[in-house]
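What follows is a short report on a single structure.
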Amino acid sequence: MSVDSAPPPPPNSRAARRAAFLAVATETFVEFGYERTSLDDIVARAGGSKSTIYANYGNKEGLFRAILQDRVDMVIGEARQEDAAPDVSDQSIRARLTRYGSGLIRGLCHPSNDVVWRLLLSSTWQFPDIAEQHYKNGPKVAVSDVQAILQKALDKDEIRPVDPRRGAEIFLGSMRHYDVLIGRLLGIAKPPPEDEQKAIVRDAVAIFLDGLETKA
């Protein structure tokens with residue numbers, strides 16, 4: 001089940017209000033840039049008060065961090081949700097990589113990520129620690145997840161010896177297909193459609209495993 005297909009929170013719930021507020025804050029940051037966006041601008045659009053922002057996020061930088069973390073949580077959540085079904089841990093390495101990769105690429109291809117990533121890139125020179133946080137909580141978590149999948153396959157003699165971390169980095173690198181990430185960061189590509197996403201995952205798993213999988 002994808003994030004979009006999951007039941008939305010009740011309209012007046014705290015989760016729904018937070019999601020709506022972060023969406024408006026994101027739009028404001030994107031329109032004006034980090035430096036020229038003020039909390040007054042965000043409050044004018046989203047409602048509420050600056051005191052509420054201070055209470056929940058600390059300051060403008062804290063709000064910006066929350067927006068980026070929200071995107072990371074969505075992407076990693078998609079991948080982990082696919083790999084969390086009760087029967088998944090006993091599936092083949094091919095099935096597990098396909099499931100994790102499918103969730104990951106679905107999260108990466110969410111259209112709302114485009115502007116957030118560009119906003120992140122435009123601000124990394126000013127806040128290198130925010131970029132480091134994003135990398136630690138996103139890409140590095142995905143590497144650890146896939147590393148664990150590969151380690152289990154090694155323990156079961158499903159694949160030939162390989163450094164599981166390096167293998168995870170190689171596999172995930174193939175998930176960052178041109179139109180999935182690079183072209184969109186440059187603003188010259190759109191997220192590939194669902195059938196193309198499936199093809200990317202299928203081919204990435206096949207190319208990665210056909211050189212590792214033990215022969216019966």
Side-chain angles (χ1 to χ4, degrees), residues 1-82 84 103-142 144-145 176 180-191 194 197:
M1 182 183 295
S2 70
V3 168
D4 288 337
S5 62
N12 294 320
S13 69
R14 182 175 181 179
R17 292 195 300 271
R18 179 181 185 277
F21 176 80
L22 289 182
V24 173
T26 301
E27 292 173 0
T28 310
F29 278 126
V30 169
E31 181 175 344
F32 297 112
Y34 180 87
E35 278 299 317
R36 293 189 296 125
T37 297
S38 70
L39 294 183
D40 287 328
D41 294 327
I42 295 171
V43 168
R45 294 187 176 193
S49 65
K50 286 196 292 186
S51 61
T52 300
I53 296 177
Y54 290 131
N56 290 324
Y57 305 105
N59 51 26
K60 185 172 76 168
E61 181 181 331
L63 175 58
F64 186 52
R65 288 177 184 272
I67 289 170
L68 296 175
Q69 187 61 48
D70 188 63
R71 294 293 87 199
V72 168
D73 291 344
M74 187 274 288
V75 173
I76 296 298
E78 282 277 11
R80 286 183 164 179
Q81 184 170 272
E82 281 288 343
L104 184 69
I105 205 167
R106 187 167 58 242
L108 289 172
C109 286
H110 195 286
S112 64
N113 289 332
D114 292 31
V115 292
V116 176
W117 285 335
R118 288 180 213 150
L119 184 61
L120 170 64
L121 288 178
S122 70
S123 305
T124 52
W125 63 272
Q126 185 176 4
F127 301 111
D129 61 313
I130 290 182
E132 183 177 353
Q133 171 193 324
H134 185 81
Y135 181 67
K136 177 182 177 181
N137 295 335
K140 291 192 74 172
V141 168
S144 295
D145 288 347
R176 300 182 185 104
V180 171
L181 193 58
I182 300 174
R184 290 163 60 205
L185 286 176
L186 296 174
I188 58 176
K190 295 181 179 180
E194 185 176 350
Q197 294 176 34

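Residues take their numbers from the sequence shown, with the count starting at 1. Values in this document were obtained by computation on a predicted structure and should not be read as measured data.
Contact annotation: the side chain of E61 approaches that of D129 to within less than 4.5 Å [non-hydrogen atoms, C-beta and beyond]. Using a 4.5 Å heavy-atom threshold, the side chains of T26 and R71 count as separate. In this structure the side chain of I42 never reaches within 4.5 angstrom of the side chain of F32, judged on heavy atoms. With a 4.5 Å cut-off on side-chain heavy atoms, V75 and H110 do not count as touching. Annotation: side chain of Q133 is not in contact with side chain of L68 (no heavy-atom distance under 4.5 Å). Side-chain contact check for Y57 versus I67: every heavy-atom pair is 4.5 Å or farther apart. Using a 4.5 Å heavy-atom cutoff, the side chains of L108 and Q197 are not in contact. At least one side-chain heavy atom of F29 sits under 4.5 Å from a side-chain heavy atom of L63.
Closest approach of N137 to I76, counting heavy atoms only: O-CG1, 4.0 Å. Residues G107 and E78 share a closest heavy-atom pair of CA-CG, 4.0 Å. Smallest separation of non-hydrogen atoms from C109 and P191: O-CB, 3.4 Å.
Between the CG atom in N113 and the CG atom in L120 there is a gap of 11.0 Å [rounded to 0.5 Å]. Rounding to the nearest 0.5 Å places CD of Q81 at 12.0 Å from CE of M74.
Within the structure, the side chain to side chain donor-acceptor pair (under 3.5 Å) test picks out the following pairs touching residues 37-48 (sequence neighbours left out): E31-R45, S38-D41, D40-K50.
Side-chain N/O atoms of Q69 and D73 include a donor and acceptor closer than 3.5 Å.
The backbone N or O of R14 sits nowhere less than 3.5 Å from a side-chain atom of R18 that would complete a donor-acceptor pair.
A cation-pi arrangement is found for K60 relative to Y34, the charged atom lying closer than 6.0 Å to the ring centre and inside a 45° cone about the ring normal.
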